[in-house]
Protein chains: 2
Amino acid sequence: MTQTKTKTTRIQEINRGIILDAALEVFSAYGFRGSTIDQIAEKAGMSKPNLLYYFPRKEDIYVNVLEKTLDEWLTPFRHIDPKGDPLDELAKYIVAKLKLSESRPESSRVFANEILHGAPAIGDFLQSHLRNIVERKVGVIRTWIDDGRLAPIDPHHLIFMIWATTQHYADFKVQIGAVVPDRVKDENFYEETAAAIITILFNGIRPRQEY
Amino acid sequence: MTQTKTKTTRIQEINRGIILDAALEVFSAYGFRGSTIDQIAEKAGMSKPNLLYYFPRKEDIYVNVLEKTLDEWLTPFRHIDPKGDPLDELAKYIVAKLKLSESRPESSRVFANEILHGAPAIGDFLQSHLRNIVERKVGVIRTWIDDGRLAPIDPHHLIFMIWATTQHYADFKVQIGAVVPDRVKDENFYEETAAAIITILFNGIRPRQEY
DNA sequence: CTACATTTTGACCAATCAGTCAAGTTTTTT
DNA sequence: AAAAAACTTGACTGATTGGTCAAAATGTAG
């Protein structure tokens, strides 16, 4: 099967990849306005006009980075299985997101920065696709509650709480590092974090009288 | 008692205030690099050289905005009372922070943006003052746990969870607005949010068999 | 090997923007 | 009311930066 019209050459594929990797790092550190094409080009090991040959405008690079990021970031959410055990599924989701926060915090930061500044590039995506998938998962959670397999809580706020908490460990890494420097150095920090969050979220902080 | 050497005139006081208010809006919308002195000057209703008469460098404006913001944002945290009822105190804290998220989201966003980009301007503050006050509150929570008035959870992660969640409603407002547009329009949205979060945090999401 | 397409780059341009300066206006002090 | 201090601004400057362009280098197909 010959490629009908997609004339993406081998070199193009490689270089686009290199550029997007470099751009992710730069954008996550300095934001859109704070990053320069020169910085990205240098990190990608090519000249600025060459980079612009692949992505004609700065915004094109940014949008491409965001798209990759969004997909990566949403994957664990999509994987929440309606047929699984509620607490298991949510625990798995939390662990997966925290693992992402550890391995690819830049990705999360680019996304956070975009939202923080009003989502100028992905507002439409949020209102259509994201809203859609959230509603589906809210439905799943509602079913779980109706079946008595989850306490009767507000599904939207539960999702927001999990998002907020897991993102926090990627986006506010510097703050956490400043507040508990010893603990973050521990190589099990993220596992301990997952365990602590899951415990709080599942059981609450109200003391249990029984025992 | 005469002012010994602080020659802050009436006009200075007024104009500094106007500038910082304008700067908060601009910085929160576009970030440090994304904001221009012209923008701030225009919003403040004065010429750029005039603004620079009060704050000689762009960074001076930014640092001043951050300082005000930090203080405002930390006040409810300081008010957590060791002598109060644990659940009451934490509920009050959550409500206060959510109220701030509603009334002054710009403030939260400037802070979030600063952390996101590595806290170049307030790294020292985090490592000294913030770390300190957190350790004090961690001590309070530990005492509550030891006295059996709180479930045995990890105090640091509890604090992070509350921070993350409450900040989320200010910083990710756009995302929340996109996902649940109808609910945010409700004038009681923040009260409902506070109630939902407190319920989840206090009781957890594990279904209660008893009854 | 030849012709054609793709990739790469040095030199350049126009716009933006932080910050200066000198000259004016207003307010405060005496 | 006069002098001094504080405040305000139009016009400018130098540095940065997104993006262009034409020409050179490299890769590829026949």
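Side-chain atoms are counted along with the backbone in the values below, which use heavy atoms only and exclude waters and symmetry mates. Here is how names work: the chains are called A, B, and so on, in the same order as the sequence lines, proteins then strands, and each is numbered from 1.
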Inset, instruction - Check whether any side-chain N or O of A:Thr9 sits under 4.0 Å from OP1 or OP2 of D:dG27, and answer yes or no. - result: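 No, no such contact exists.
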Inset, instruction - Go through A:Asp85 and A:Lys92 one step at a time and tell me if the salt bridge (charged side-chain N to carboxylate O under 4.0 Å, His left out) criterion holds. - result: CA-CA 10 Å; A:Asp85 174 67; A:Lys92 260 167 52 188; over 6 Å; no
Inset, instruction - Please lay out, stage by stage, how A:Lys68 and A:Asp21 fare under the test side chain to side chain contact (heavy atoms under 4.5 Å, CB included). - result: CA-CA 10 Å; A:Lys68 269 183 70 172; A:Asp21 285 349; 4.0 Å; yes
Legend entry - Aromatic ring pairing B:Tyr190/B:Tyr169, orientation class (parallel under 30°, perpendicular over 60°, tilted between):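 Ring orientation of B:Tyr190 relative to B:Tyr169: perpendicular.
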Inset, instruction - Give me the ring orientation class for B:His157 and B:Phe160: parallel if the planes are under 30° apart, tilted from 30 to 60°, perpendicular past 60°. - result: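 Geometry flag for B:Phe160 against B:His157: perpendicular rings.
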Legend entry - Residues that A:Asp81 engages under side chain to side chain contact (heavy atoms under 4.5 Å, CB included), provided they are two or more places apart: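 By the side chain to side chain contact (heavy atoms under 4.5 Å, CB included) rule, A:Asp81 matches A:Lys83, A:Glu89.
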Indicate yes or no for a side-chain donor-acceptor contact from [X] to the backbone of [Y] under 3.5 Å, with no hydrogens or angles considered.
X: A:Ser101; Y: A:Thr166; value: yes
X: A:Glu114; Y: A:Ile122; value: yes
X: B:Lys137; Y: B:Ile80; value: yes

Below 3.5 Å between N/O atoms, which protein atoms pair up with nucleotides 28-30 of chain D? Just atom names and distances, please.
residue: D:dT28; atom: OP1; partner: A:Arg10; partner atom: NH2; Å: 3.3

Inset, instruction - Answer yes or no for B:Arg183 and B:Phe189: cation-pi contact, defined as NZ/CZ to six-membered ring centre under 6.0 Å and angle to ring axis within 45°. - result: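 Here B:Arg183 fails the 6.0 Å and 45° test against B:Phe189.
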Legend entry - Close approaches to DNA chain D from residues 33-58 of chain B, in residue order (heavy atom, under 4.0 Å):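 B:Arg33, B:Ser47, B:Pro49, B:Asn50, B:Tyr53, B:Tyr54, in order of number.
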Inset, instruction - Please check if atom CD in B:Gln12 has more than 12 non-hydrogen atoms from other residues, nucleotides or ligands closer than 6.0 Å. - result: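 Atom CD in B:Gln12 is packed in, count exceeds 12.
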Could you list, one pair per line, each protein nitrogen or oxygen that sits under 3.5 Å from a nitrogen or oxygen of nucleotides 22-25 of chain C, together with the distance?
none

Legend entry - Heavy-atom closest contact (B:Tyr54 atom, B:Arg16 atom, distance):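 Closest pair (atom of B:Tyr54, atom of B:Arg16, distance): O-NH1, 3.2 Å.
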Legend entry - Contacts of A:Asn132 that satisfy side-chain hydrogen bond (donor to acceptor under 3.5 Å, both in side chains) - sequence neighbours left out: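 Per chain and number, A:Asn132 pairs via side-chain hydrogen bond (donor to acceptor under 3.5 Å, both in side chains) with A:Arg136.
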Inset, instruction - Please list residues of residues 12-19 of chain A whose heavy atoms come under 4.0 Å from any atom in DNA chain C, ordered by number; otherwise none. - result: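 Those residues are A:Gln12, A:Asn15.
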